Number of protein chains: 2
Amino acid sequence: MPDALPIRRGGGVAVWSQIALQLQAELAAPGTKLPPEADLAARFGVNRHTVRRALEELARQRLIRIEHGRGSFVAEPVLDYQVNRRPRFSEWVRRHNREPLGEVLSLREIIVGDLAEADLIGAALGLSERDTVIELERLGKADDRPIALSRHMFPALRCRGLEEALRNHATITAALSTIGITDYVRRRSRISARLPSPREAALLALEPGAPVLQSENLNTTGNDTALELCFVIYPASRVALIVEPND
Amino acid sequence: MPDALPIRRGGGVAVWSQIALQLQAELAAPGTKLPPEADLAARFGVNRHTVRRALEELARQRLIRIEHGRGSFVAEPVLDYQVNRRPRFSEWVRRHNREPLGEVLSLREIIVGDLAEADLIGAALGLSERDTVIELERLGKADDRPIALSRHMFPALRCRGLEEALRNHATITAALSTIGITDYVRRRSRISARLPSPREAALLALEPGAPVLQSENLNTTGNDTALELCFVIYPASRVALIVEPND
DNA sequence: CAAAATTTGTGCGTATGTATG
DNA sequence: ACATACATACGCACAAATTTT
């Protein structure tokens with residue numbers, strides 16, 4: 001427990017504001033419980049209302065969560081993800097001043113008919129059950145914290161050399177670029193939420209019962225040729241999606 | 001158990017497709033378990049592979065869930081909600097051939113500073129802590145099944161007479177229209193997911209542990225004046241959001 | 001399963017300093 | 001100088017949610 005800087009009264013800065021700043025500087029790892037309001041009030045030598053005002057401010061900034069009857073907890077930072085036509089994982093993470101990392105979990109070529117969602121995939125990419133897709137499973141991290149688990153499917157026919165390219169490049173954008181595809185855009189996303197499977201929860205380092213946001217994306221080339229179907233799940237506590245409709 | 005129509009072979013319609021249609025017509029209440037594949041195969045006089053092909057089709061349409069080692073279950077119908085610039089609850093539900101109903105839970109005028117999310121609301125609507133908003137809480141249903149719990153906040157100053165209008169009209173669109181606001185558009189949505197509070201779970205008739213999709217919407221008039229901030233939660237098992245980015 | 005303890009949420013009253021006109 | 005409004009801070013009591021005993 002760090003030393004409390006002395007609270008200055010009558011110095012033009014509200015006491016609750018000083019306490020909020022002090023607490024913010026001391027925030028421990030996400031999930032950590034803060035001391036009860038009564039303890040904080042005693043420590044700072046103020047009324048509990050004053051502490052509550054400070055906590056309210058931290059909650060507004062989404063730095064902590066306050067739970068009735070349980071306590072206050074350090075919140076996880078939430079990455080806002082703008083859903084536009086250019087899905088670029090690395091750019092997104094870097095825009096939040098965090099270090100992106102894409103870890104390949106599996107990469108293979110597989111026959112559409114052998115996948116569980118064969119029909120959905122076939123319909124979306126315009127393939128028959130006998131066509132093959134390149135399937136990439138990836139875990140995306142920001143500063144080593146998992147924030148996205150994605151499964152990408154590319155029609156093998158329209159993506160000659162992509163499997164090899166994906167092995168040798170850190171980002172999907174870069175890999176696509178080496179096989180001559182420089183513009184691909186998000187055409188449609190279907191956003192839902194659910195509880196993760198045990199495997200998914202383990203990969204995303206989620207506590208039991210924590211939900212995930214799921215996004216099913218259809219990406220195409222500039223001239224509307226279906227290029228990629230992609231299922232992504234995000235830990236709901238760490239990611240929010242931003243949409244600005246234009247139609 | 002309804003009679004099985006005879007399966008016609010060689011009539012240009014695949015047997016699995018006929019079975020899929022037949023099963024679809026017989027679907028019981030959500031959550032009901034379908035007979036084991038072996039039983040269905042016997043009933044239709046076909047191989048189990050053929051039944052599996054039919055079930056696969058129903059699963060693709062999200063009419064059933066197939067669970068490894070457990071069986072197949074009638075799924076809840078999912079309402080796809082296209083996130084565009086015109087948020088219209090009733091139109092959305094009717095487009096799915098279901099009967100919309102908006103039930104007012106509470107309606108009041110309240111000072112911004114007295115709300116928990118005072119700062120967020122003030123910033124979004126351009127109000128000070130001392131301004132007032134009209135707050136409407138509503139439960140949206142489709143065929144008597146709750147599908148949306150929303151909290152709407154309108155700046156009282158820019159919405160004279162809205163509280164009264166909301167009391168007398170079934171839809172928000174209609175109420176706004178009576179006070180002269182005929183065009184309001186969605187400017188921005190922030191989509192996340194979380195577990196519901198006990199009260200929210202009860203109102204939405206959710207089983208424990210089931211997550212909700214949450215959408216925080218800023219709606220404006222045609223000329224970009226902030227008109228409404230609105231928090232909506234949807235049962236994740238019954239609603240999905242569709243986004244087609246244009247930028 | 002029930003009672004007790006812990007912790008946050010809410011309401012009301014009071015007092016003080018500061019900006020405003 | 002005065003009145004008013006407002007933000008800040010304190011004290012006390014009880015309600016509500018959760019956890020522990």
Side-chain angles (χ1 to χ4, degrees), chain A residues 1 4-76 206-211 236-237, chain B residues 105-123 125-133 135 137 149 151 153 155-157 194-212 214 231 233:
Chain A
M1 196 175 323
L5 292 183
I7 299 297
R8 295 174 305 107
R9 288 173 184 270
V13 183
V15 174
W16 65 260
S17 176
Q18 299 177 52
I19 295 176
L21 285 170
Q22 179 64 33
L23 289 176
Q24 179 173 347
E26 295 173 14
L27 289 183
T32 309
K33 186 176 181 305
L34 271 68
E37 294 171 355
D39 290 9
L40 290 174
R43 167 182 156 194
F44 288 109
V46 300
N47 189 274
R48 191 164 74 97
H49 281 302
T50 310
V51 166
R52 284 180 59 74
R53 181 68 186 81
L55 293 177
E56 203 178 281
E57 172 64 18
L58 297 183
R60 190 192 62 80
Q61 295 177 38
R62 298 184 205 264
L63 295 174
I64 65 171
R65 308 184 311 271
I66 302 176
E67 299 185 22
H68 191 168
R70 302 225 311 131
S72 295
F73 303 85
V74 180
E76 287 212 73
L206 284 172
E207 51 281 22
S237 57
Chain B
L105 299 181
S106 78
L107 177 56
R108 59 176 179 170
E109 198 167 321
I110 187 173
I111 296 171
V112 171
D114 289 347
L115 291 164
E117 317 86 338
D119 298 86
L120 199 152
I121 293 165
L125 296 179
L127 301 178
S128 90
E129 298 239 327
R130 292 180 303 286
D131 290 318
T132 59
V133 291
E135 186 202 54
E137 194 178 27
L149 176 60
R151 204 153 65 90
M153 276 141 299
L157 267 179
R194 59 180 176 82
L195 297 180
S197 71
R199 173 175 176 270
E200 291 167 339
L203 285 168
L204 290 173
L206 285 171
E207 50 283 21
V212 296
Q214 174 171 270
F231 299 88
I233 60 174

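We use all heavy atoms of the structure for the numbers below, so side chains are in, but hydrogens, waters and symmetry mates are not. Numbers restart at 1 for each chain; the letters A, B, ... are given by sequence-line order, proteins then strands. Owing to the predicted nature of the structure, the values given are computational and were not obtained by experimental measurement.
A:Arg70 has a side-chain polar atom (N or O) that falls below the 4.0 Å cut-off from OP1 or OP2 of D:dT19. For D:dG11, the OP1/OP2 oxygens have a side-chain nitrogen or oxygen of A:Asn47 closer than 4.0 Å. Note on A:Ser72: every side-chain N or O is 4.0 Å or more away from OP1 and OP2 of C:dT7.
Both distances falling under 3.5 Å, in either a Watson-Crick or a G-U wobble arrangement, occur for no nucleotide opposite D:dA1. Base pairing of C:dT10: its partner is D:dA13, meeting the Watson-Crick or G-U wobble criterion (both donor-acceptor distances under 3.5 Å).
Taking atom CZ of residue A:Arg48 and atom P of nucleotide C:dT8, one finds them 7 Å apart after rounding to whole Å. Rounding to whole angstrom units, CG of residue A:Leu55 and P of D:dA9 are separated by 14 Å. Between A:Phe73 atom CZ and C:dT6 atom P the separation is 16 Å, expressed in whole Å. In this structure, the CD1 atom of A:Ile66 is 21 Å from the P atom of C:dT6, given to the nearest Å. Atom CZ in A:Arg52 sits roughly 15 Å away from atom P in D:dA16 (whole-Å rounding).
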message: Is there a salt bridge (Lys or Arg N to Asp or Glu O under 4.0 Å) between B:Arg151 and B:Glu137? Walk through the geometry before answering.
response: CA-CA 4 Å; B:Arg151 204 153 65 90; B:Glu137 194 178 27; 5.5 Å; no
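Judged by distance alone, with hydrogens and angles left aside, A:His49 brings no side-chain donor or acceptor close enough to the base of C:dG9 to form a pair under 3.5 Å.
Side chain to side chain, A:Gln18 and A:Gln22 fail the donor-acceptor criterion of an N or O pair below 3.5 Å.
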